[in-house]
Amino acid sequence: MDNIPPSDLKTILHSKRANLYYLEHCRVLLNGGRVEYVTDEGKKSLYWNIPIANTTALLLGTGTSITQAAMRELAKAGVMVGFSGGGGTPLFTATELVMTT
């Protein structure tokens, strides 16, 4: 799969992005270059794609985990990631560091 440069993921302005996701009791991971979340239903796991180029924020509730690789892709796309639940609502965010010379 061809790698998409981070600058292409940020071409949609945040004011034009429409998606805000709140996820609970799932795993967020990178699968084949796509950020997905996995839910367990009985004996099978269901995978759902998150369109990061059109996503403004991802809120992770209780019982949710995220991998480093998924966090890295979300940061490249400029998606704000918040962790909520557990009595308080801390908000953490990550962005890509761009070095110019």
Side-chain angles (χ1 to χ4, degrees):
M1 180 175 170
D2 295 332
N3 287 334
I4 299 171
S7 59
D8 288 349
L9 293 172
K10 294 181 183 178
T11 56
I12 300 173
L13 297 174
H14 279 283
S15 61
K16 301 297 181 190
R17 294 183 184 195
N19 295 330
L20 172 94
Y21 290 99
Y22 175 75
L23 302 173
E24 293 188 307
H25 307 292
C26 65
R27 294 178 311 232
V28 180
L29 50 89
L30 190 67
N31 186 11
R34 297 180 315 218
V35 177
E36 298 178 339
Y37 69 94
V38 182
T39 59
D40 292 326
E41 285 202 14
K43 295 182 180 180
K44 59 182 174 179
S45 297
L46 302 175
Y47 289 79
W48 305 92
N49 185 44
I50 300 172
I52 61 174
N54 289 331
T55 301
T56 299
L58 183 66
L59 295 174
L60 304 178
T62 57
T64 304
S65 64
I66 187 166
T67 64
Q68 268 188 332
M71 194 64 200
R72 191 170 22 256
E73 287 299 312
L74 290 165
K76 284 181 187 177
V79 177
M80 182 173 61
V81 178
F83 298 89
S84 62
T89 309
L91 188 61
F92 301 103
T93 183
T95 58
E96 180 188 23
L97 178 63
V98 178
M99 302 286 286
T100 58
T101 55

query: So F83 and I66, side-chain contact (heavy atoms from CB on, under 4.5 Å) or not? Walk me through it.
result: CA-CA 10 Å; F83 298 89; I66 187 166; 4.2 Å; yes
Without placing hydrogens or testing angles, list every side-chain donor-acceptor pair under 3.5 Å for residues 20-31, not counting sequence neighbours.
from	atom 1	to	atom 2	distance (Å)
Y22	OH	E24	OE2	3.0
N31	ND2	E36	OE1	2.9

message: Looking at every heavy atom in both L58 and V79, which two are closest together, and how far apart are they?
response: N-CG1, 4.2 Å
Anything under 3.5 Å between a donor and an acceptor, one on a side chain of residues 40-49, the other on a protein residue two or more places apart or in another chain? List them.
from	atom 1	to	atom 2	distance (Å)
D40	OD1	S45	OG	2.9

Nearest-0.5 Å distance that lies between atom CD in E73 and atom CD1 in I50: 12.0 Å
